[in-house]
Amino acid sequence: MRMGEMFGQLGSLIAGFMFVRAIFEQYFPSHLKTHFEKHTQKLYNFFYPYIQVTFNELTGERLKRSEAYSAIETYLSSNSSSQAKRLKADIGSNSQSLVLSMDDHEEVTDEFQGVKVSWASGKNISKTQSFSLYPTTEEKRYYKLKFHKNQRDLIIGPYLNHVLKEGKAIKVRNRQRKLYTNNGSHWSHVIFEHPATFQTLAMEEEKKREVMNDLITFTKAEEFYARIGRAWKRGYLLYGPPGTGKSTMIAAMANLLGYDIYDLELTAVKDNTELRRLLIETPSKSIIVIEDIDCSVDLTGQRKKKEEKEEEEEKDPAKKLVKNETESKSKGVTLSGLLNFIDGLWSACGGERLIVFTTNYVDKLDPALIRRGRMDKHIELSYCSFEAFEVLAKNYLNLETHILFLKIREMLEEVNMTPADVAENLMPKTFPGEAETCLESLIGALEKAKEEARLKTEEEAKAKEEARLKTKEEAKAKESSTNEAIEGEKDGEKEKNI
Ligand SMILES: Nc1ncnc2c1ncn2[C@@H]1O[C@H](COP(=O)(O)OP(=O)(O)OP(=O)(O)O)[C@@H](O)[C@H]1O
Ligand SMILES: [Mg+2]
């Protein structure tokens with residue numbers, strides 16, 4: 001049969017079908033029509049072994065963007081970029097990378113526990129009546145999930161849960177993170193773009209791994225925390241001298257986990273009520289940071305003062321009356337306010353949160369604040385070791401090894417220098433910089449620091465010796481004066497007897 005004839009026959013077949021359908025629509029009463037449709041649908045269902053689920057982009061009366069739709073979109077974006085032939089590209093919410101998603105009327109497949117499903121994207125176009133001169137067309141996008149009816153339970157339950165959860169998780173990973181700070185009782189934020197990562201953090205490899213593993217284990221332990229009945233939170237105390245990378249590590253933590261940072265300035269918080277409100281406002285997947293906890297508020301002295309006050313009150317009951325009045329007006333965050341929150345209220349808020357305290361003086365802190373359970377992990381950031389230097393040399397100078405490393409290694413063992421100071425010396429002074437010049441500058445700085453340290457110990461030894469001599473002389477003077485007094489007394493008695 002020739003092509004022309006074939007098309008001719010097909011044309012008349014379609015025309016015939018249209019004719020029958022028109023007659024059916026015109027002459028059959030509507031109840032018969034519904035009846036007929038119901039049966040044809042049943043027949044269709046019997047032979048058609050698939051189930052389809054549609055997820056519309058816009059839902060509800062106000063046509064809000066459906067959360068499920070956007071989670072599916074994100075979930076499918078990784079699949080679609082390798083399978084679909086037509087893709088849409090857009091700048092992601094982190095404004096840094098392109099995000100690819102499948103274009104309309106594309107189809108991709110996915111597999112879950114050995115079961116295959118397919119996802120198709122599509123859109124309905126409807127003309128809306130609006131008051132403008134030009135009628136606008138509205139595109140309603142949707143995703144259609146198709147799977148075999150035998151797999152209904154698996155797909156409707158676990159698979160869709162997995163898609164939504166994974167979609168949301170990918171979104172969190174890709175989203176633009178924020179750094180919140182409290183100015184008084186409100187949080188305000190800026191975009192968080194600190195580039196620090198654990199890879200660039202100068203620290204011993206083993207210690208670094210340990211912290212990273214601890215963080216990752218925490219993020220995966222939702223069920224564990226629920227089972228043991230504890231709030232899903234973890235406290236870290238970072239301590240060490242200034243410039244050893246405490247703040248840098250917090251940025252690396254946020255970048256590793258994709259959390260927002262809530263930098264809590266305790267001195268700006270009026271009282272415990274305000275503190276509680278600020279902390280309750282922090283959402284899941286956030287790091288709450290209190291820097292320099294020892295200086296923020298008089299946290300350590302709080303207890304002692306209270307005890308002293310109680311003693312005074314016992315002696316003078318009138319003071320207690322005055323106290324009751326002033327206490328309600330008293331300002332400032334107290335240690336107990338902070339502890340109560342860390343222990344109690346959080347458990348009610350749910351969600352994964354890290355709380356990180358930093359301090360330069362770990363010994364100054366109240367043991368109640370840093371006991372395990374509150375601060376689960378204590379991490380010491382210390383002076384630059386050779387291993388830490390190697391990381392900095394790689395970051396700053398792109399150097400894996402150099403002849404001067406040997407000398408630097410020896411010196412770092414003798415001299416205490418913070419990673420911040422080492423980094424400062426490694427910073428190229430001209431661009432492009434000379435690596436060797438930077439290393440020499442570091443050696444110079446180390447020598448200077450060594451000399452200063454030597455002078456300091458000498459001075460200290462001298463001062464100690466002077467102090468020792470002084471006390472010795474004082475003791476001697478005291479001894480001789482008592483001897484004189486005794487002699488004097490003796491003489492007096494003699495005169496009396498005479
Ligand atoms: N361990 C480190 N790894 C990489 N860079 C570091 C490290 N320590 C310090 N630096 C560099 O030194 C600068 C100061 O470090 P950072 O602010 O993290 O110190 P800190 O311990 O928080 O100090 P402070 O106690 O004064 O707050 C950082 O900008 C960073 O470039
Ligand atoms: Mg800091």
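Both counts, for ligands and for their atoms, begin at 1 and track the order of listing. We use all heavy atoms of the structure for the numbers below, so side chains are in, but hydrogens, waters and symmetry mates are not.
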**Student:** Check the pair Asp104, Lys140 against salt bridge (Lys or Arg N to Asp or Glu O under 4.0 Å), reporting the backbone distance first and the verdict last.
**Tutor:** CA-CA 11 Å; Asp104 303 323; Lys140 290 185 177 163; over 6 Å; no
**Student:** Scan side-chain atoms only and decide if Glu291 and Ser247 contain a donor-acceptor pair under the 3.5 Å cut-off.
**Tutor:**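 Checked: Glu291/Ser247 side chains pair up, N/O donor to acceptor below 3.5 Å.
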**Student:** Please confirm whether the ring centroid of Phe357 lies under 6.0 Å from the ring centroid of Tyr239.
**Tutor:** no
**Student:** Looking at the Mg ion (ligand 2), is there an N, O or S atom belonging to Thr358 that lies under 2.8 Å away from it?
**Tutor:** no
**Student:** Does the ring center of Phe112 lie less than 6.0 Å from the ring center of Tyr159?
**Tutor:** yes
**Student:** Quick one, list the residues around ligand 1 where some non-hydrogen atom comes in under 4.0 Å, by chain and residue number.
**Tutor:** Thr200, Leu201, Ala202, Pro242, Gly243, Thr244, Gly245, Lys246, Ser247, Thr248, Asn360, Leu392, Tyr396, Pro419, Ala420
**Student:** If you measure from the Lys or Arg side-chain nitrogens to the Asp or Glu carboxylate oxygens, is any gap between Arg209 and Glu205 under 4.0 Å?
**Tutor:** yes
**Student:** Side chains of Arg177 and Asn255: do they bring a donor and an acceptor to under 3.5 Å?
**Tutor:** yes
